[in-house]
Q: 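Dumping the structure here so I can ask a few things about it.
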There are 2 protein chains.
Amino acid sequence: MPNQFDYQKEEPIARCECNVVHKDIVDQVSNQMPDDEILYDVADLFKVFGDCTRIKILYALFESEMCVCDIADLLGMSQSAISHQLRVLKQSRLVKYRRDGKTVFYSLNDDHIKTIFNQGLEHVLE
Amino acid sequence: MPNQFDYQKEEPIARCECNVVHKDIVDQVSNQMPDDEILYDVADLFKVFGDCTRIKILYALFESEMCVCDIADLLGMSQSAISHQLRVLKQSRLVKYRRDGKTVFYSLNDDHIKTIFNQGLEHVLE
DNA sequence: TCTATATATGAATAATTGTTCATGTGATTT
DNA sequence: AAATCACATGAACAATTATTCATATATAGA
């Protein structure tokens, strides 16, 4: 008959040296937790928002579609740096682009982004 | 009388080697941009969300208040690692805590956090 | 007061990441 | 075709950061 301490006997927790104080809660939360993979993707998404240059780029694109060179000038940074960051934003599907001759115009991919940003801003301004 | 090109004469833009294609847009967006300090804080906030361990901790606290040891067990990580991350979450005012004897219970600080997480989740699941 | 337990924290290390530099690619113009 | 412009990208370097290990602090109980 398994009880709340059985798992400690069978497989000692190497990583947490203290006792589980509330096994019922841990189990309940454990069942509710989304898959690791999903949580990993969520963290990865927020990691993209977690850089000042990228936040500025996103904010800029709230206002208007812009080309790489415009953004570089706006932020006072090299074209290369901006291009690298746009790549990251592209990979996370936060921005999309269209080519017009030699110029590439970037814009926001959808409106979640604005919502996420605004919630973050609200928290910071509180 | 300053004009739109003056700053280029006085202090050449070392960082962006290409021409500004759309000065009107750059100026307009530049005026709308919040202070650097605010955007820096917003990025810093999202940086906190941008780690898998912290995202899991936050998600766990959506479900229930938990003590450090419970969280460590839930995530299969060391107490020390969790404690360090809780410190980060505390500093960003994302979690609060109450002490009950030897145990410290952590919980979410406000509801922005859930909203931010859910928006991120929606984006990822699309 | 002494011991045990839950948590916090400083230092060290390994891994990740943002920018620069140099160069490559695709489109336009002459 | 050659030159030029806008942008992309690989490699390298510096800075940041997550975890571990060792140890410190705070509370409870004997």
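In what follows, every chain begins at residue 1, and chains take the letters A, B, ... in the order their sequences are listed. Any value given below was found using the heavy atoms of this structure, including those in side chains, with hydrogens, waters and symmetry copies removed.
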Q: So, taking the atom named CD in A:Gln79 and the one named CG in A:Asp70, what distance separates them when rounded to the nearest 0.5 Å?
A: 12.0 Å
Q: Calculate the interatomic distance between B:Leu89 atom CG and C:dT7 atom P; express it in whole Å.
A: 16 Å
Q: Please give, in whole Å, the distance from C:dT19 P to A:Ile82 CD1?
A: 8 Å
Q: Could you list all the side chain to side chain donor-acceptor pair (under 3.5 Å) pairs where at least one residue sits in residues 92-104 of chain A, not counting sequence neighbours?
A: A:Glu65-A:Arg98
Q: Could you check whether any side-chain heavy atom of B:Met66 comes within less than 4.5 Å of a side-chain heavy atom of A:Val26, counting everything from C-beta outward?
A: yes
Q: Calculate the interatomic distance between A:Leu75 atom CG and C:dT20 atom P; express it in whole Å.
A: 12 Å
Q: CG of A:Asp24: more than 12 outside heavy atoms within 6.0 angstrom?
A: yes
Q: Quick one: A:Ile71 CD1 to D:dC7 P, roughly how many Å, whole number?
A: 9 Å
Q: Minimum heavy-atom separation for B:Thr53 and B:Leu75, please, with both atom names.
A: O-CD1, 4.0 Å
Q: Sequence neighbours left out, what passes side chain to side chain donor-acceptor pair (under 3.5 Å) with A:Glu37? Give chain and number order.
A: none
Q: To the nearest Å, how far apart are A:Leu86 CG and D:dA6 P?
A: 16 Å
Q: I'd like to know whether the aromatic ring centres of B:His22 and A:Phe105 sit less than 6.0 Å apart in this structure.
A: yes
Q: Is the shortest heavy-atom distance from the side chain of B:Leu45 to the side chain of A:Phe46 under 4.5 Å?
A: no
Q: Where do A:Leu58 and A:Leu89 come nearest, in terms of heavy atoms and distance?
A: CD2-CD2, 3.9 Å
Q: So which of residues 38-58 of chain A are in contact with DNA chain C, with a heavy-atom cut-off of under 4.0 Å?
A: A:Lys47, A:Asp51, A:Thr53, A:Arg54
Q: Give the rounded distance in Å between these two atoms: NE2 of B:His22 and C1' of D:dC7.
A: 14 Å
Q: I need the full list of side chain to side chain donor-acceptor pair (under 3.5 Å) pairs touching residues 54-64 of chain B, with sequence neighbours left out, sorted by first then second residue.
A: A:Asp36-B:Lys56, B:Arg54-B:Gln85, B:Tyr59-B:Glu63
Q: Hey, can you pull the residues of residues 97-108 of chain B with a non-hydrogen atom under 4.0 angstrom from DNA chain D?
A: B:Arg99, B:Gly101, B:Lys102
Q: Mind listing the closest non-hydrogen atom pair of B:Tyr106 and B:Val68 along with its distance?
A: CE1-CG2, 3.6 Å
Q: Please list, for nucleotides 9-12 of chain D, all pairs of protein and nucleotide N/O atoms separated by less than 3.5 Å.
A:
from, atom 1, to, atom 2, distance (Å)
D:dT9, OP2, A:Arg87, NE, 3.2
D:dT9, O4, A:Ser80, OG, 2.6
D:dG10, O6, A:His84, NE2, 2.8

